[in-house]
Participant: 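Would you mind keeping the following structure in view while I ask a few things?
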Number of protein chains: 2
Amino acid sequence: MNISIGGLAGRTGAKVQTIRYYEQIALMPEPQRTHGGQRRYEAGAVKRLAFIRHARLLGFSLDQIRNLLDLADHPGRDCTSADSIAREHLGAVKAKIAALNSLKKELTRMVKTCSGTDAAHCLVIETLANHDLCSSANHGVVT
Amino acid sequence: MNISIGGLAGRTGAKVQTIRYYEQIALMPEPQRTHGGQRRYEAGAVKRLAFIRHARLLGFSLDQIRNLLDLADHPGRDCTSADSIAREHLGAVKAKIAALNSLKKELTRMVKTCSGTDAAHCLVIETLANHDLCSSANHGVVT
DNA sequence: TCTTGAACCTCTAGTCACTGTAGAGATTAA
DNA sequence: TTAATCTCTACAGTGACTAGAGGTTCAAGA
């Protein structure tokens, strides 16, 4: 193996800077260096980074990923906490979907009725200015 | 009127620090001050801040809100751009919902089959380690 | 009028997960 | 050998706030 940081980036889809960042926050271990100071990675690094990127794509936070990696590094350990991290995240995703759906409804109502004339009679602006025109108790999402 | 920053916060649900932040980025105008230097707000400030908070609840960015406020300040102007800001935002919300739904599917599959034993056979960890076990082409969301 | 304590002030730094830049040095292919 | 490409460190910036330190002002009660 012994690939450069660019090679690792190419293999995993992560950016070079992102890899260095992961090393900085100790999510990736410090690799060996060449005589000239450049990083050289083993096969294990590709696996680990792929794990991280995949978990990021699924929306896990780096802190959650840190815990998941810790578990992955110790195969004998009880995996209940991995399960609960995933369940917790699933719950958050579901909540976000619900909030966004209520948002969508509101926005659709706002947009549908805009006649596109002057701002004085624009429903978009009017709705925003006047909370009563809106059914939003609280969408609970700030995107 | 002539209320303090705390009074304004109480009336709108914004935090005191947030109001000062909005002033700093020129989203809220600089209010009058008491002899001792404390902020005192007129009724217009309550309206404007309510507009901002409402728009934030609906997920608009501060930049979008800046544009919307500009339109609200000029009632004679054409409101097409307000409409298009709202439409654009609606599109983003819809896209996010779609991405989160595909995420939810994936996570549900991951979580459902976890037997809760040791990490060596944990599907959560296995799925993350092995991209092939996962149907995610790209969920497109990083939450 | 004086005292008290809650609310206010400014300023700075931190959050999350990166991304981008500058200027210098290392490596590789022709 | 030289040019092109890659990599290095260090730091600033993103969005939308939030938190804290350390000091000042205001309004209400005695």
Side-chain angles (χ1 to χ4, degrees), chain A residues 2-28 30-41 45 49 51-69 89 92 96 99 139-143, chain B residues 2-28 30-41 45 49 51-69 85 89 92 96 99 103 139-143:
Chain A
N2 247 340
I3 53 173
S4 71
I5 195 168
L8 181 57
R11 246 162 260 235
T12 56
K15 298 207 172 180
V16 167
Q17 294 106 307
T18 305
I19 297 172
R20 285 198 280 251
Y21 169 68
Y22 287 164
E23 181 184 326
Q24 190 187 312
I25 62 169
L27 206 59
M28 288 291 288
E30 293 185 21
Q32 288 185 299
R33 301 269 187 157
T34 62
H35 159 77
Q38 299 196 355
R39 292 167 179 84
R40 288 298 177 268
Y41 293 92
L49 186 52
F51 186 107
I52 296 172
R53 293 314 293 171
H54 189 190
R56 282 297 295 140
L57 273 180
L58 290 172
F60 288 94
S61 73
L62 292 183
D63 233 36
Q64 291 175 318
I65 293 171
R66 202 187 294 278
N67 290 328
L68 290 171
L69 276 170
H89 182 47
K96 200 155 236 168
H139 305 286
V141 163
V142 172
T143 327
Chain B
N2 246 342
I3 53 173
S4 70
I5 195 169
L8 181 57
R11 246 161 260 237
T12 56
K15 300 206 172 177
V16 167
Q17 294 106 305
T18 306
I19 297 172
R20 286 199 278 250
Y21 170 68
Y22 287 164
E23 181 183 327
Q24 191 186 312
I25 62 169
L27 205 59
M28 289 290 288
E30 291 185 24
Q32 288 185 297
R33 301 269 188 157
T34 61
H35 159 77
Q38 299 196 355
R39 292 168 178 84
R40 288 297 177 267
Y41 293 92
L49 186 52
F51 186 106
I52 296 172
R53 293 314 294 170
H54 190 188
R56 283 296 295 140
L57 274 178
L58 289 172
F60 288 94
S61 74
L62 292 183
D63 234 36
Q64 290 175 318
I65 293 171
R66 202 186 295 277
N67 289 330
L68 291 171
L69 275 169
I85 288 172
H89 182 47
K96 200 157 235 166
L103 212 61
H139 304 287
V141 164
V142 172
T143 328

Participant: Please collect all salt bridge (charged side-chain N to carboxylate O under 4.0 Å, His left out) contacts where either partner lies in residues 5-14 of chain A, sequence neighbours excluded, each pair once.
Facilitator: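 Not a single pair qualifies under salt bridge (charged side-chain N to carboxylate O under 4.0 Å, His left out).
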Participant: Is there side-chain contact between B/Val16 and B/Arg20, with heavy atoms separated by less than 4.5 Å?
Facilitator: yes
Participant: Taking the side chain as every heavy atom from C-beta outward, state whether A/Thr18 and A/Arg53 have any atom pair closer than 4.5 Å.
Facilitator: yes
Participant: Mind checking B/Arg53 for me? I need base, sugar-phosphate or nothing, with any heavy atom below 4.0 Å counting as a touch.
Facilitator: sugar-phosphate
Participant: Whether A/Thr34 contacts C/dT27 is assessed here as follows: a side-chain N or O lying under 4.0 Å from the phosphate OP1 or OP2. Is that the case?
Facilitator: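 For A/Thr34, the contact criterion (side-chain N or O under 4.0 Å from OP1 or OP2 of C/dT27) is met.
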Participant: Tabulate atom names and distances for all N/O pairs under 3.5 angstrom spanning the protein and nucleotides 4-9 of chain D.
Facilitator:
{"unit_1": "D/dT7", "atom_1": "OP1", "unit_2": "A/Ser4", "atom_2": "OG", "d": "2.6"}
{"unit_1": "D/dT7", "atom_1": "OP1", "unit_2": "A/Gly6", "atom_2": "N", "d": "2.8"}
{"unit_1": "D/dC8", "atom_1": "OP1", "unit_2": "A/Arg39", "atom_2": "N", "d": "2.8"}
{"unit_1": "D/dC8", "atom_1": "OP1", "unit_2": "A/Arg39", "atom_2": "NH1", "d": "2.8"}
{"unit_1": "D/dC8", "atom_1": "OP2", "unit_2": "A/Arg20", "atom_2": "NH1", "d": "2.4"}
{"unit_1": "D/dC8", "atom_1": "OP2", "unit_2": "A/Arg39", "atom_2": "NH1", "d": "3.2"}
{"unit_1": "D/dC8", "atom_1": "O5'", "unit_2": "A/Arg39", "atom_2": "NH1", "d": "3.4"}
{"unit_1": "D/dT9", "atom_1": "OP1", "unit_2": "A/Arg33", "atom_2": "NH1", "d": "3.2"}
{"unit_1": "D/dT9", "atom_1": "OP1", "unit_2": "A/Arg33", "atom_2": "NH2", "d": "3.1"}
{"unit_1": "D/dT9", "atom_1": "OP2", "unit_2": "A/Arg39", "atom_2": "NH1", "d": "3.1"}
{"unit_1": "D/dT9", "atom_1": "OP2", "unit_2": "A/Arg39", "atom_2": "NH2", "d": "3.0"}

Participant: Return the 5'-most residue of the pair A/Tyr22, A/His35 with respect to DNA chain C, ranking by each residue's nearest nucleotide.
Facilitator: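 Closer to the 5' end of DNA chain C: A/Tyr22.
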Participant: A/Tyr21 versus A/Leu62: any side-chain heavy-atom pair under 4.5 Å?
Facilitator: yes
Participant: Does any part of the side chain of B/Ser4, heavy atoms only, come nearer than 4.5 Å to the side chain of B/Arg40, both counted from C-beta?
Facilitator: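 Yes, close enough: below the 4.5 Å cut-off.
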Participant: Closest to the B/Lys15 side chain: C/dT19, D/dT18, C/dA17?
Facilitator: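 My answer, after comparing the listed nucleotides, is D/dT18.
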Participant: Heavy-atom distance under 4.5 Å between the side chains of A/Ile19 and A/Arg39, does that happen here?
Facilitator: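 Of all side-chain heavy-atom pairs linking A/Arg39 with A/Ile19, none is under 4.5 Å.
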Participant: So, is A/Thr18 near the phosphate of C/dT19, with a side-chain N or O under 4.0 Å from OP1 or OP2?
Facilitator: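 Indeed, a polar side-chain atom of A/Thr18 lies that close.
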